[in-house]
Amino acid sequence: MSKRVYCLYRVSTKGQVEKDDIPMQKQRCHEFAEAQGWEIVREFSEKGVSGFKVSAKDRDAIQEIQRDAAMKKFDVLLVFMFDRLGRKENETPFVVEWFVNNGIEVWSSEEGQQRFDTHVDKLMNYIRYWQASGESLKTSVRTKTRLGQIVQEGRFRGGKPAYGYRLVKKGRIGKKNRELYDIEINPEEAIAVKRMFDLTDRYGYGGRKLSSVLHEEGIINLRTGEPFHYASIQHILSNIMNAGILRSGETKSEVFPELQIVSLEQFNRVAKAREQRSVNYAIKCGGTTEIVQLEDGTEAAVVRPPRAYPRKIVGKALLSGNVYCGHCGGRIFAATARKTHCPTEDNERIAIYKCYNRSQHKGQCDGPSTYRAEKVDKVIEQLLRGIFERAKKVDEKTILKMLVDASAEQCQQELKAAKLEYTKTMKELSRWGDLMLDSLDGTCVFTPEQVKARLDAVQAKADEIAHQVQQLEEKSRQMKPAAADLLREHQQILTWAELFDSAAIEEKKVIASYLIKAVTLTRGYGIQVDFNISEAQFLNGLEMG
């Protein structure tokens, strides 16, 4: 009776499917089975499944074959090459061994039978997939490197163009003598993209507000013919390509002016605005729970996120999301109330601030429940004007010197120590690599498994230190850009100084929330303001030029 055979064919990319790799594997396996006198009873094809990235437990074909193996439905599992079963060094060898232990012969039409009769068989089985895993890593690195090079050269890396851009042919010829696509700005779509950035930058609008405003202005998604969806807007605002920078993974190009829909400065401001609107921003930026002293001498814990954009754009109140009660430490929110209690037709509503704990009875608070927004905002506006006047007197050279001198030396010391530790770790890794060769030859006191375990541990340590070095180098490179950012911030404050008095309330809200970390209100209109601008250290302390 001939042996019953299951065949498994796999390709990891759609490109391999198009090149007929699976038919090639199938033909070779059929020829091999016929030569052996075996009968192929079932075949499995996996298309676009990575043997390195996808675990066996997540591959339907492997799972079904294992179930049938347990039920003794076949005798031989045949593949073109063993790496078709997978390329995971910490998993695939044991999958192969499982089949053999369950009475299934595992064969490759090109590499023969995988046996486990001796310890050497087991070791060779492991080494095979260890090498396959390494090849997958090398392929991944080569692909990422090449795509990174493509974007650094200012060329389109492929795929569907982002909203605001279009593909055009400009005569560039590829390796296969075909004309390739380049990317350029789509003027019609760019109008909507520019408007999104302007509204977010100027008013701090979120995605849902942007969607409704664009709809009211008659600006629609030209690709769908419908209003912009909230998720589409978020995706557009997060795409750094709008600032003229191409990206592939972690690799970014320089700024290409011909691809800029918005300036890099505006993109960065909008990115910061969007981040500050997120729920986790306070924790992420270190705005953790803060202990504050209340008016009665007790302490309370409040979370005060730095530079939070206003939670509420509409309304007459200047502050939103950064006002706190000095009696209970709770949040104060903006609302409106009738100016008088007389129900007349012309009785206008005025802006007020209300303590949530006091008005909603959610906690203990013995302070006032409401404050007139007009009185509070008048004080805040005076303080902001004071900052604007002092900012006009600040020497920008002082800003640069203070920033760079404070952190450059410490960063260099940390970087030097990390590089020294990395060198030591790589030497240790090299020694254990030599021991692996000795272990395989049988001339080492350690078993290959022991050496492999130590190699993995040292490699993990080296990777961790390399990541630390990379972070410190990036920090060092960002010293000058950070100084430039501070200068731009100073220029932004000077711009606000010119616009503030004539600005609409929505714009004033954005300016106030950018400059003010928290406002604490107490009985009798006691007002304490905590600023969060970078320039606070010299606006309040340095000698004015």
Side-chain angles (χ1 to χ4, degrees), residues 203-204 290 292-298 300 302 304-344 346-391 493 496-497 499-533 536 539-540:
Y203 301 115
E290 176 182 333
V292 298
Q293 191 81 22
L294 302 181
E295 190 179 54
D296 60 2
T298 60
V302 296
R304 296 184 174 177
R307 296 192 185 179
Y309 268 61
R311 291 188 172 187
K312 190 176 181 182
I313 296 296
V314 298
K316 298 179 180 180
L318 180 64
L319 305 171
S320 178
N322 56 353
V323 193
Y324 301 87
C325 177
H327 299 273
C328 67
R331 191 175 292 277
I332 287 178
F333 62 95
T336 61
R338 290 191 179 92
K339 189 172 184 179
T340 66
H341 293 289
C342 300
T344 59
D346 60 347
N347 189 10
E348 64 176 310
R349 298 187 70 84
I350 60 173
I352 61 172
Y353 294 113
K354 299 183 69 174
C355 173
Y356 181 82
N357 287 340
R358 180 62 184 248
S359 61
Q360 301 296 324
H361 306 288
K362 299 290 185 179
Q364 298 297 322
C365 181
D366 58 358
S369 61
T370 62
Y371 300 85
R372 286 281 294 269
E374 181 182 6
K375 292 184 178 181
V376 176
D377 293 351
K378 184 177 181 180
V379 174
I380 299 302
E381 289 193 17
Q382 290 176 346
L383 289 174
L384 293 180
R385 291 188 180 95
I387 286 180
F388 296 148
E389 290 301 317
R390 282 181 288 170
I493 292 177
W496 284 336
L499 299 176
F500 188 77
D501 287 333
S502 60
I505 185 62
E506 294 89 351
E507 293 173 286
K508 287 186 176 181
K509 283 174 177 284
V510 174
I511 295 172
S513 60
Y514 185 93
L515 297 175
I516 296 174
K517 178 180 180 181
V519 175
T520 303
L521 303 181
T522 55
R523 183 178 284 106
Y525 288 90
I527 302 174
Q528 177 183 335
V529 181
D530 184 10
F531 292 99
N532 63 12
I533 56 175
L539 285 177
N540 293 300

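Fair warning: this is a prediction, and the values are worked out from it, not measured in the lab. No hydrogens, no waters, no symmetry mates; every other heavy atom, side chains included, goes into these values.
The two residues N357 and C365 have their closest heavy-atom pair at CB-CB, 4.3 Å. Across A335 and K354, no two heavy atoms sit closer than the pair CB-CD, 4.0 Å. Closest of all the heavy-atom pairs between A512 and L319 is CB-CD2, 4.4 Å. Smallest separation of non-hydrogen atoms from R523 and P368: CA-CG, 3.9 Å.
Considering R338, R372, K316 as possible partners of I350, the one that fulfils the side chain to side chain contact (heavy atoms under 4.5 Å, CB included) test is R372.
Atom CD in E507 sits 10.0 Å away from atom CD1 in I505 (nearest 0.5 Å). Taking OH of Y356 as the start and SG of C328 as the end, the distance is 11.5 Å to the nearest 0.5 Å.
Side chains of Y324 and R331 form a contact here, defined as non-hydrogen atoms less than 4.5 Å apart. By the 4.5 Å heavy-atom criterion applied to side chains, I527 and T520 are not counted as neighbours. Between L515 and W496 there is a side-chain heavy-atom pair separated by less than 4.5 Å.
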Is there a side chain to side chain contact (heavy atoms under 4.5 Å, CB included) between K517 and N322 once you walk through the steps? CA-CA 6 Å; K517 178 180 180 181; N322 56 353; over 6 Å; no
Report all side-chain donor-acceptor pairs from residues 377-384 shorter than 3.5 Å, counting only partners two or more places apart or in another chain.
{"unit_1": "D377", "atom_1": "OD1", "unit_2": "Y353", "atom_2": "OH", "d": "2.7"}
{"unit_1": "D377", "atom_1": "OD2", "unit_2": "L318", "atom_2": "N", "d": "2.9"}
{"unit_1": "E381", "atom_1": "OE1", "unit_2": "R385", "atom_2": "NH2", "d": "3.2"}

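The side chain to side chain donor-acceptor pair (under 3.5 Å) check on S369 picks up nothing, with sequence neighbours excluded. Qualifying ring-ring contact (aromatic ring centres under 6.0 Å, His included) partners for F500, counting only residues two or more places apart in sequence or in other chains: F388.
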